[in-house]
Amino acid sequence: MTHAATQQLRAIPLGKTIGAQIDGIDLAAPLDDQAVAFLKDAWERHLVLRFRGQSHLSLQGHIAFSRHFGALDKRPIASKAMHASAQELPEEIAVISNVKIDEQPIGGLGDGESVWHADMTYNPAPPRAALLHAHEVPASGGDTQFLNLYAAYESLPEELQQTIAALECVHDASLNSAGELRLGFARVTDPRLTVGARHPLVRIHPLTGRKSLYLGRRRNAYVPGLSLADSEELLDTLWAHATQDAYTWRQQWQAGDLVAWDNRVTLHRRDAFDPQARRLMYRTQVSDRAQ
Ligand code: OGA
Ligand code: MN
C-alpha cells in the first residue's frame, strides 16, 4: 500500500523567504515516486521542510526516508569523548543532545547557543542536506533558526557581488558550531593559518542554477589572497548582511518534528535552553559526493 498520495500532500510556507510545512505524509510509510517528486520540488523551492507528528519514526525509518535525497554520510567527528551508547547507533546517525549518562554526553552541541553555520563545510564535499528529528524537546528555548543564502546573495549590492565573484574562503575545521574544539585539532590564533576546506564565496546550485552566498561559519574564516584586515572586513560585511531577520525563519520544536534542510543554500543556528531540561535529536546527513 502506498500512503501519501500526491493530492493529499500540501506544502504550507512558514517563513517569508524560507521554510514550509509538509502536511499529509507519514514518513514511516513507503513513499511512491509522485510523493518523492513532490517533496523534492517543495524542498527546492522552500529550502527547509518541516514534518510534524512523526514521533513514531524509528532510526531505521529516519535513515530510509533520508535516502530519498541521496546516499548518507557518516556522522561527523565529535568534539569530546561520548558515552558508549553513541557508538552503538548506526554510523549514519549523529546524536544532538545535552543528555548525559554517567556524566558523559550521549551527543553533541550540549545546551548552549550554536552560532550560524552550515554543517561540515570544513570538508571538501559537505553534505547537501541534513534531516533532524526531535525525540525530546525542552518546554521552551532551543529554537533553531534557518536563513536563505540565495536571498542573501541576490540582495547584495551589485558591486559587492562582483567583488566576491572569484573569491574563495577557508572554512575552519577546528571548532564546532557550539565553539568547542574538535578532537585532534589545535586552536586557531591566526585565521590565515586556518585548517579546513576552501570553497568559493558564491556557489551555483546544481539543481536550480541560482547563485547563493556560501559562508559556512564565521569563526576563523579567511579569504585567501586578501590581507587579514581586508578579509575580516569583507567577511563581517557579508555576515552582517546575510543574517538579517528578513532572510530567516525560526523553528520552534515539538517532539516528533522532523526538519530537513538544504545545507548548500542555508545556514542555521540554535538558541540555548535550560540545562536541566532534556533535548534529544537524531540527525542524518545526505552526501554530496559523486556516488
Ligand atoms: C545540527 C544543528 C541545531 C539544533 O544538527 O546540525 O546545528 O537545533 N542542530 O540542535
Ligand atoms: Mn548544524
Side-chain angles (χ1 to χ4, degrees), residues 14-15 18-19 47-52 54 59 62-63 66 69 72-79 82 86 89 92-99 105-123 126-149 171-180 182 196-197 214-219 221 242-243 248-275 277-288:
L14 292 164
I18 183 168
L47 318 184
V48 179
L49 301 182
R50 177 173 76 192
F51 305 87
R52 292 225 120 134
Q54 308 292 333
L59 285 185
H62 181 173
I63 290 172
S66 304
F69 300 98
L72 302 188
D73 272 336
K74 294 181 194 163
R75 59 174 155 265
I77 312 170
S79 63
M82 295 283 159
L89 296 171
E92 295 91 351
I93 295 284
V95 184
I96 310 294
S97 186
N98 66 324
V99 174
I106 64 164
L109 295 189
D111 53 41
E113 179 185 351
S114 78
V115 296
W116 284 111
H117 67 281
D119 292 332
M120 296 159 75
T121 61
Y122 46 85
N123 288 338
R128 74 167 67 138
L131 297 92
L132 187 62
H133 187 207
H135 285 234
E136 293 179 61
V137 296
S140 64
D143 294 357
T144 309
Q145 282 179 286
F146 292 89
L147 74 80
N148 178 337
L149 287 167
H171 294 228
D172 175 44
S174 71
L175 297 177
N176 72 10
S177 62
E180 301 161 327
R182 284 178 211 281
Y214 196 58
L215 297 176
R217 55 196 63 206
R218 176 64 187 91
R219 276 184 289 205
T243 55
T248 72
W249 165 71
R250 172 179 292 271
Q251 153 72 349
Q252 292 180 296
W253 292 94
Q254 294 179 6
D257 281 356
L258 185 143
V259 172
W261 61 88
D262 186 325
N263 194 52
R264 298 166 287 198
V265 285
T266 65
L267 296 176
H268 56 281
R269 63 166 292 282
R270 185 191 75 193
D271 292 338
F273 57 95
D274 176 4
R278 285 171 63 95
R279 190 174 188 270
L280 174 61
M281 331 277 279
Y282 290 115
R283 193 188 74 196
T284 53
Q285 36 282 313
V286 180
S287 174
D288 210 24

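Each residue takes its place number in the sequence, starting with 1. Atoms within each ligand, like the ligands themselves, are counted from 1 in listed order. All values below come from the heavy atoms of this structure, side chains included, with hydrogens, waters and symmetry mates left out.
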For ligand 1, which atoms, with element, lie under 4.0 Å from some heavy atom of [X]?
X	value
His117	7 (O)
Ile96	5 (O), 10 (O)
Arg270	4 (C), 8 (O), 10 (O)
Leu109	2 (C), 7 (O), 9 (N)

Relative to the ring of Phe146, is the ring of His268 parallel (under 30°), tilted (30 to 60°) or perpendicular (over 60°)?
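Rings of His268 and Phe146: tilted, as their planes differ by 30° to 60°.
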
Does at least one non-hydrogen atom of Trp261 fall below 4.0 angstrom from an atom of ligand 1?
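Checking ligand 1 against Trp261, which is what was asked, there is a heavy-atom contact under 4.0 Å.
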
In plain terms, say whether Asp172 and Arg219 are close enough for a salt bridge, that is, a side-chain N and a carboxylate O under 4.0 Å apart.
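Between Arg219 and Asp172 there is no salt bridge, as every charged N stays at least 4.0 Å from the carboxylate O atoms.
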
Between Arg75 and Asp73, does any side-chain N to carboxylate O distance fall below 4.0 Å?
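Answer for the salt bridge query: no.
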
If you have a sec, work out which protein heavy atom is nearest [atom] and how many Å separate them, to one decimal?
atom	value
atom 1 (C) of ligand 1	Arg283 NH1, 3.3 Å
atom 10 (O) of ligand 1	Arg279 NH1, 2.8 Å
atom 8 (O) of ligand 1	Thr144 OG1, 2.5 Å

With the side chain counted from C-beta on, respond yes when [X] and [Y] share a heavy-atom pair under 4.5 Å apart, and no when they do not.
X	Y	result
Leu280	Asn98	no
Gln54	His133	yes
Arg270	Ile96	yes

Any side-chain to backbone donor/acceptor pair from Arg217 onto Trp116? Under 3.5 Å, distance only.
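Judged by distance alone, no pair lies under 3.5 Å.
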
Any donor-acceptor pair under 3.5 Å linking the side chain of His62 with the backbone of Leu131?
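Judged by distance alone, yes, a pair lies under 3.5 Å.
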
Atom of Asp119 closest to the Mn ion (ligand 2), considering N, O or S atoms:
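Going through the N, O and S atoms of Asp119 one by one, OD1 ends up nearest to the Mn ion (ligand 2).
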
Hey, does Asp119 come in under 3.5 Å of ligand 1, counting only N/O atoms on both sides?
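Right, the criterion is met.
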
Tell me the angle that NE2 of His117 and NE2 of His268 form around the Mn ion (ligand 2), rounded to 10°.
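Rounding to the nearest 10 degrees gives 90°.
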
Met281, His268, Gln251, Arg269: member with heavy atom nearest to atom 2 (C) of ligand 1:
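Comparing heavy atoms across Met281, His268, Gln251, Arg269, the nearest one to atom 2 (C) of ligand 1 lies in His268.
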
